[in-house]
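We're numbering straight along the sequence, starting at 1. In each ligand, atom 1 is the first atom listed, and ligand 1 is the first ligand listed. Please read all numbers here as calculations on a predicted model, not as lab measurements. Heavy-atom basis, side chains included; hydrogens, waters and symmetry copies ignored.
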Amino acid sequence: MVKDIQNLLNFIYPQVCFWCDTIKKESICSNCDKEIKKFSKFNIEKFPNGMEHVYLFKYEGKIRQKIIDFKFNEKPYLKNGFAMLFLQNKEMYSYLNKYDIIIPVPIHKYKEKNRGYNQSELIAKQISKSLKNVKLEKNIIKKIVNNKQQSTLNLKDRKENVKNVYKVLDNKKIIGKNIILFDDVYTTGSTINECDKVLKQAGAKKVAAVTIAKD
Ligand SMILES: [Zn+2]
């Protein structure tokens with residue numbers, strides 16, 4: 001109930017700048033846009049298995065706080081600002097347009113019910129709307145085990161914790177496709193690697209991990 005009211009408030013609340021929280025017409029005002037561009041950068045890393053990871057920020061400071069607010073402090077409306085960060089970066093925009101499908105990393109249904117939304121799905125949806133031909137597919141991959149929160153575990157336990165927790169429900173849509181796997185934060189890569197593995201096993205051609213920030 002509290003979440004429903006909060007969602008309603010978020011809906012009727014006037015548009016505020018995602019970064020400075022003042023009422024503005026844009027989801028990122030021009031002053032903040034200039035400020036953000038100073039430390040937002042198209043970063044790309046390539047892994048031996050062929051997967052690429054692209055991201056815009058280091059997971060620190062104000063961007064870290066915004067992600068925490070978005071994820072844990074019931075601020076789903078921040079999705080517009082986050083999506084803008086990806087769409088306004090020219091290198092990122094053209095990189096994303098090379099793919100066929102965008103898949104948000106799923107969260108378990110209990111967690112989604114509790115939070116009210118999947119934070120990665122909200123941003124992926126906004127992004128796909130503004131790309132040329134990249135379709136959002138949110139029901140391809142499912143989290144079938146409600147495992148422990150990754151952030152509470154060390155590297156070794158994180159790898160174990162995500163084993164066999166994701167399942168591909170519909171492989172017809174991904175066979176031979178180039179896929180963006182969207183997540184909010186990249187830490188050890190355990191989650192991304194596990195999703196990459198199941199997508200490739202199901203016939204995906206190429207998978208790129210796209211995140212807001214790297215920890
Ligand atoms: Zn602003």
Side-chain angles (χ1 to χ4, degrees), residues 2-45 52-99 102-105 107 111-112 114-134 136 138 151 180-187 192 208-215:
V2 173
K3 280 218 166 69
D4 289 343
I5 294 167
Q6 186 65 46
N7 286 338
L8 183 64
L9 281 174
N10 292 342
F11 183 71
I12 58 173
Y13 204 69
Q15 173 77 54
V16 295
C17 168
F18 145 91
W19 200 247
C20 64
D21 296 314
T22 53
I23 296 176
K24 293 281 163 68
K25 275 189 211 140
E26 314 90 354
S27 48
I28 302 176
C29 74
S30 54
N31 283 343
C32 292
D33 188 46
K34 273 183 217 141
E35 190 197 320
I36 293 168
K37 276 183 180 143
K38 284 178 197 160
F39 63 100
S40 155
K41 185 174 164 270
F42 177 77
N43 297 283
I44 180 162
E45 46 185 1
E52 291 175 348
H53 170 223
V54 301
Y55 61 99
L56 292 171
F57 301 92
K58 281 186 192 154
Y59 188 57
E60 61 186 14
K62 194 165 171 179
I63 194 78
R64 180 176 170 274
Q65 191 52 52
K66 288 286 171 190
I67 293 170
I68 290 169
D69 282 349
F70 179 54
K71 212 164 158 179
F72 302 111
N73 297 333
E74 297 175 14
K75 294 187 176 178
Y77 57 88
L78 292 176
K79 67 183 179 180
N80 296 324
F82 281 119
M84 286 303 282
L85 298 174
F86 286 89
L87 298 167
Q88 286 182 347
N89 183 298
K90 284 188 187 122
E91 280 169 286
M92 182 62 85
Y93 182 76
S94 59
Y95 182 87
L96 297 175
N97 267 316
K98 288 189 281 191
Y99 288 81
I102 183 166
I103 297 179
V105 168
I107 57 176
K111 197 179 270 176
E112 186 161 345
N114 200 272
R115 188 176 295 165
Y117 51 94
N118 171 355
Q119 72 282 354
S120 297
E121 184 185 316
L122 294 185
I123 301 174
K125 189 177 177 184
Q126 290 302 107
I127 291 174
S128 77
K129 278 185 200 166
S130 297
L131 294 176
K132 286 170 194 156
N133 212 359
V134 185
L136 175 79
K138 52 181 186 174
S151 54
I180 297 166
L181 188 59
F182 188 85
D183 205 1
D184 49 2
V185 180
Y186 184 100
T187 308
I192 291 286
V210 176
T211 66
I212 305 165
K214 185 178 177 182
D215 196 0

Centroid-centroid distance, Tyr55 to Tyr186, less than 6.0 Å:
no

Taking 2.8 Å as the upper limit, name the protein N, O or S atoms near the Zn ion (ligand 1).
Cys17 SG, Cys20 SG, Cys29 SG, Cys32 SG

On a heavy-atom basis, the closest approach of Ile28 and Gly81 is CD1-O, 3.6 Å

Report yes or no: do Thr211 and Asp183 form a side-chain donor-acceptor pair below 3.5 Å?
no

Looking only at side chains, do Lys75 and Asn73 share a donor and an acceptor under 3.5 Å apart?
no

Work out which heavy atom in Tyr117 is nearest to a heavy atom in Ile107; give both atom names and the distance.
O-CD1, 3.7 Å

Between the side chains of Lys62 and Gln65, does any donor sit under 3.5 Å from an acceptor?
no

